[in-house]
Amino acid sequence: MPELPEVEIVRQSLNKKITQKKVKKVIVRNRNLRFKLPLEFESFLKDKKIEKVTRFSKYIILNFTNQSYCVIHLGMSGTIHFINENKKNCFTNTSFYSSVQMPKKHNHVEIIFVKDIKIIFNDPRRFGFFEIIKNKQLLKKRFYRFGPEPFDKKFNKKYIYSYLGCKKKNIKNFLLDQFFVSGIGNIYASEILFLSKINPSRKGNTLKEKECKKIVISSRKVLSDAIKKGGSSIRDFKNISGNRGNFQKNFKVYQRENLNCKRTNCRGVIKKKIISKRSSFFCNTCQK
DNA sequence: CCGTTAACCTGAGAGC
DNA sequence: TGCTCTCAGGTTAACG
């Protein structure tokens, strides 16, 4: 489901809700996630206190006060629900896939804090996963191969131009490659290329420096706009606190096949093309 | 090393 | 209704 903006929204609300809270109990109903949940998972979390909740790329990182960590990936369909037993019907805006009614069937992990506050990890497809990381060095090691996030100043024209070099892979796949750039997924890759006026099928080695610059600017714009709008909710998601993702209303190309191009003075029509088994949307007229 | 493919899963929606 | 097929916001092991 979630790309950088959606994960950031989840991080923000989690950070508000569980900072300084101590884990009282962990219940695992299904260990068979994308990677099998380690056997020591429950005991590792128990009695640890949350210092803060951070994020790298599409990963949520629970930072414990003793400098250890729990890394969470939501996969395609994972959601985190916040529940305060003292205030019934209190959900955070951490769901982008499911409706308010959580199908209990897919509640795989519950982390219960003091004062009857808990978070529930729900994931129908089970592509999501948890990892425990014992110290700062190991956390650094976990992400050392990852490319910079678009907001990082290392993600600049020169970096992109030299990384693409003579490589023949198409630019759409580069944007999805987390070792090149971290946090972009299938929706935002299409949106970023539209804003950059670059056709998703263009081979990496054909991009000019000026186009690399455009990718820097547009990826920052698309992702930060999406965060401002609370992320994208493709399914008809609503939650009780009333917050929901709204960026889907701003999509210029994603899921707009056969509709008119939104760029001023462009009379093009949005096309859909399967690139490496994943759908890409683009304007055949203004994306060269 | 590079680029592509299959595999991991469930559920919704389309078409018959 | 019910069956089959396709598709979905991601990652990674394996292959040529």
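Proteins get letters first, then strands, A, B, ... in listed order; numbering begins at 1 in each.
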Which nucleotide in the list B:dG3, B:dT4, C:dG9 gets nearest to the side chain of A:Asn173?
B:dT4
Roughly how many Å is it from CD in A:Gln255 to P in C:dC7, rounded to a whole number?
13 Å
Can you tell whether the side chains of A:Glu40 and A:Lys134 come within less than 4.0 Å, N to carboxylate O?
yes
Are A:Glu42 and A:Arg31 ion-paired here, with the side-chain N under 4.0 Å from a carboxylate O?
yes
Examine C:dC7: is either OP1 or OP2 under 4.0 Å from a nitrogen or oxygen in the side chain of A:Lys277? Give yes or no.
no
Within 45° of the axis and under 6.0 Å from the centre of the six-membered ring of A:Phe194, does NZ or CZ of A:Arg263 qualify?
yes
For a quick check of understanding: with a heavy-atom distance under 4.0 Å over all strands, which category does A:Ser279 fall into, base, sugar-phosphate or nothing?
sugar-phosphate
Once you round it to whole Å, what is the distance between C1' of B:dC9 and CG of A:Leu74?
16 Å
Measure from NZ or CZ of A:Lys46 to the centre of the six-membered ring of A:Phe44 and say whether it is under 6.0 Å with the direction within 45° of the ring axis.
no
Compare side-chain N and O positions of A:Gln178 against OP1 and OP2 of C:dG10 and report whether any pair is under 4.0 Å apart.
no
Could you tell me how far apart A:Lys167 (NZ) and B:dC2 (C1') are, to the nearest whole angstrom?
9 Å
Spell out yes or no: do the side chain of A:Arg278 and the base of C:dA8 have one donor N/O and one acceptor N/O closer than 3.5 Å?
no
Are any of A:His73's side-chain N or O atoms less than 4.0 Å away from OP1 or OP2 of C:dT11?
yes
note: A:Ile187, atom CD1; C:dC7, atom P; distance rounded to Å ~ 17 Å
Audit row: A:Asp225, A:Lys229, salt bridge (charged side-chain N to carboxylate O under 4.0 Å, His left out) steps and yes/no
CA-CA 6 Å; A:Asp225 284 355; A:Lys229 296 274 180 179; over 6 Å; no
In whole angstrom, give the distance that lies between atom OH of A:Tyr254 and atom C1' of C:dC7.
10 Å
How about CZ on A:Phe179, more than 12 heavy atoms from neighbouring residues, nucleotides or ligands closer than 6.0 Å, or not?
yes
Take atom CD1 of A:Ile184 and atom C1' of C:dG10, then tell me their distance rounded to the nearest Å.
14 Å
Is the distance from OP1 or OP2 of B:dG11 to the nearest side-chain N or O of A:His106 less than 4.0 Å?
yes
Find which nucleotide of DNA chain B each of A:Phe127 and A:Lys168 is nearest to by heavy atoms, and output the residue with the more 5' nucleotide.
A:Lys168
Considering only heavy atoms and no angle criterion, is a donor-acceptor pair shorter than 3.5 Å present between the side chain of A:Arg125 and the base of B:dC9?
yes
When both hydrogen-bonding distances must be under 3.5 Å and the geometry is Watson-Crick or G-U wobble, what is B:dG11 paired with, if anything?
C:dC7
Looking only at atom P, what distance separates B:dC9 and C:dA14, rounded to whole Å?
15 Å
Give me the distances for all protein-to-nucleotides 12-15 of chain C N/O pairs that come in under 3.5 Å?
unit_1	atom_1	unit_2	atom_2	d
C:dT12	O4'	A:Arg34	NH2	3.1

Over how many whole Å does the gap from A:Ile234 atom CD1 to B:dG11 atom P extend?
19 Å
Below 6.0 angstrom between ring centroids: does that apply to A:Tyr254 and A:Tyr188?
no
For the pair made of CD in A:Glu191 and P in C:dG9, what is the distance, rounded to whole Å?
12 Å
Salt bridge check, A:Asp123 against A:Arg34: does any charged N sit closer than 4.0 Å to a carboxylate O?
no
Hey, does the side chain of A:Lys58 come within less than 4.0 Å of C:dG10's phosphate (OP1/OP2), counting only N and O?
yes
